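Since the model is a prediction, treat every value here as computed from it, not as a measurement. The chains referred to below are lettered A, B, ... by the order of the sequence lines, with proteins before strands, and numbering in each begins at 1.
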There are 2 protein chains.
Amino acid sequence: MHYKQAYKPPTLTVDAVLFQLVDDQLMVLLTRRAEEPFKGEWALPGGYSPEGQTTIQALASIVKRKVGLDITADLRYIEQLYTFDTIARDPRGHAVSVTYMGCGYAITTVGGSQFAEWHPVDQLPTLAYDHADIIAYARERLSAKLAYTNAAMGLLDKKFTLSQLQTVYEAVLGRELDKRNFRKKFLNLELIRETSEVWKGGAHRPAKLYAFNSDSPETLSRSFD
Amino acid sequence: MHYKQAYKPPTLTVDAVLFQLVDDQLMVLLTRRAEEPFKGEWALPGGYSPEGQTTIQALASIVKRKVGLDITADLRYIEQLYTFDTIARDPRGHAVSVTYMGCGYAITTVGGSQFAEWHPVDQLPTLAYDHADIIAYARERLSAKLAYTNAAMGLLDKKFTLSQLQTVYEAVLGRELDKRNFRKKFLNLELIRETSEVWKGGAHRPAKLYAFNSDSPETLSRSFD
DNA sequence: GCAAAAGTGTTTGGGATACACCCATGC
DNA sequence: GCATGGGTGTATCCCAAACACTTTTGC
């Protein structure tokens, strides 16, 4: 593409905030930077988004290469979050970052060219660039989405118990919920259905397994909580 | 900025969906394209976003130049909407567009290097690029924001009557609301305050003027409607 | 039998909805 | 005095919140 006047676009990058629950805690995937700038610091997985690829395509190949995670196979949900574009956010020069937020369940396949680790979203280390802001924004968005969509699906197995569902809500919202009210409200939304299976999880009464009625993102007419 | 490997970013553009009410109708500002591609068709105001400027800075100068509108002075509100990045959206080559949604009140200053006109959002002409999608997305976002923020502020004068406020809600949501319930609910939100002034708008009882308590965007704890 | 999580109902208060008439002004 | 929009109250229903005990299993 060429232009009548001289035109130079900023660098375009992509970054992903990837969530999953580990031990009932909301975790985010971070990589340790091997090079300057911010060498040795923690950062979100991300990289350059070149001409000829959509940002999500670029993100998919970067995430696969750097942290060994397949965003279609390993994630249950991903959406565009926001585009961060302040001039000084990258010390090397002006870089505009299109960010994504994704959710998964029991992801263990992490391991690529960069060292990566899941960190509790409530106890993050110092982060490179403006990545702390990006994570804060993603967490807020996810909280909001729990209330009016079936986004909790992203953090659960295909079949799950009501207690596991409640754990997702509690971990993301950061507060405890009443078990009876939670079940009543959620079952009223007609978002999930009972399956015939049960979960035998230990030395206690087995729990019924439920599944979401729809595999795709849904917006609720009346919102939850 | 230079790179270890060859890296070429896509073109970065900005586009704005600007709303205002005219005759109780929600209108969006469109320009008529003077050149190929899509010569003669209607499009959103927008243009290239160069290195060294944030997208909102680039948008401000483009909108000022092309349609003669000052986004700080003429608009009451603007926010980033979404980044559209499909490869084929611009026939000239891969162009990623960071889009914004803005609202104003009684804007009459339109007139720049491009012919521009306000169009009812419910009766749009054929639009260039993917701009119809962008407008649909903006309208949805604005609808949603009316429910849980003070975004209606953006489409009103600093002081307004409750009927004018209700008109904003009806125009954006696209349905009629009950006057008594609307007033009760809105006054309960403690988002607006009565002023001592009244509006004498014609051959009928004068209406009390109200003002928003806060000039800046606010999110409500309990949502409206 | 005991530890551990699953499962279950009722009461109360507040907001949502539906609905119709009088009031203040200009002309 | 009449046309025009401004302004007001009540009854009903449903949802949200608070709250504690019994059930089923593994060991």
Output the rounded distance in Å from OH (A:Y169) to P (D:dA16). 13 Å

Decide yes or no for B:Y77 and B:M153: does some side-chain heavy atom of the first lie under 4.5 Å from some side-chain heavy atom of the second? no

In whole angstroms, how far is the P atom of C:dA6 from the CZ atom of A:F182? 12 Å

Whole-Å distance separating the CG atom of B:L177 from the C1' atom of D:dG7: 17 Å

Could you tell me if the side chain of A:L124 sits less than 4.5 Å from the side chain of A:W42, heavy atoms only? no

Please give, in whole Å, the distance from C:dT25 P to B:R205 CZ? 8 Å

What residues in residues 190-202 of chain B put a non-hydrogen atom under 4.0 Å from any atom of DNA chain D? none

Would you mind reading off the distance between B:K185 atom NZ and D:dC15 atom P, rounded to a whole angstrom? 15 Å

Given C:dG7, is OP1 or OP2 found less than 4.0 Å from the side-chain N or O atoms of A:R183? yes

For the student: nearest non-hydrogen atoms of B:K200 and B:P206, plus distance: CG-CB, 4.2 Å

Above 12 or not: heavy atoms from other molecules or residues under 6.0 Å from CH2 of A:W118? yes

Of A:A203 and A:R180, the one whose closest nucleotide on DNA chain D sits nearer the 5' end is A:R180

Which part of the nucleic acid, if any, lies within contact of A:D178, taking any heavy atom under 4.0 Å across all strands shown: a base, the sugar-phosphate backbone alone, or nothing? base

Neighbours of DNA chain C within residues 157-168 of chain B, by heavy-atom distance under 4.0 Å: none

Would you indicate, yes or no, if C:dC19 has its OP1 or OP2 atom less than 4.0 angstrom from a side-chain nitrogen or oxygen of B:K179? no

Is any side-chain heavy atom of B:D85 less than 4.5 Å from a side-chain heavy atom of A:V98? no

What residues form a salt bridge (charged side-chain N to carboxylate O under 4.0 Å, His left out) with B:E197, not counting sequence neighbours? B:K159

Could you check, using the six-membered ring where one of them is a Trp, whether A:Y169 and A:F186 have ring centers closer than 6.0 angstrom? yes

Let me have the donor-acceptor pairs involving side chains of residues 13-24 of chain B, under 3.5 Å, with sequence neighbours excluded, atom names and distances please.
| from | atom 1 | to | atom 2 | distance (Å) |
| --- | --- | --- | --- | --- |
| B:T13 | OG1 | B:V96 | O | 3.4 |
| B:T13 | OG1 | B:S97 | OG | 3.4 |
| B:D15 | OD2 | B:S97 | OG | 2.6 |
| B:Q20 | OE1 | B:A106 | N | 3.2 |
| B:Q20 | OE1 | B:I107 | N | 2.8 |
| B:Q20 | NE2 | B:I107 | O | 3.3 |

Rounded to whole angstroms, how far apart are NE2 on A:H204 and C1' on D:dT23? 13 Å

Ranking D:dT8, D:dG6, D:dT23 by distance to the side chain of B:K208, first place goes to D:dT8

In chain order, what residues pass the side-chain hydrogen bond (donor to acceptor under 3.5 Å, both in side chains) check against A:T31, with sequence neighbours excluded? A:Q114

Could you check whether any side-chain heavy atom of A:I192 comes within less than 4.5 Å of a side-chain heavy atom of A:F160, counting everything from C-beta outward? yes

Enumerate all atom pairs, one protein N or O and one N or O from nucleotides 10-12 of chain C, separated by less than 3.5 Å.
| from | atom 1 | to | atom 2 | distance (Å) |
| --- | --- | --- | --- | --- |
| C:dT10 | O4 | A:K184 | NZ | 2.7 |

With the threshold set at 4.0 Å, does a side-chain nitrogen-carboxylate oxygen contact exist between B:R139 and B:D122? yes

How many Å lie between CZ on B:F186 and P on C:dG15, as a whole number? 16 Å

Would you call the rings of A:F84 and A:Y137 parallel, tilted or perpendicular if under 30° counts as parallel and over 60° as perpendicular? perpendicular

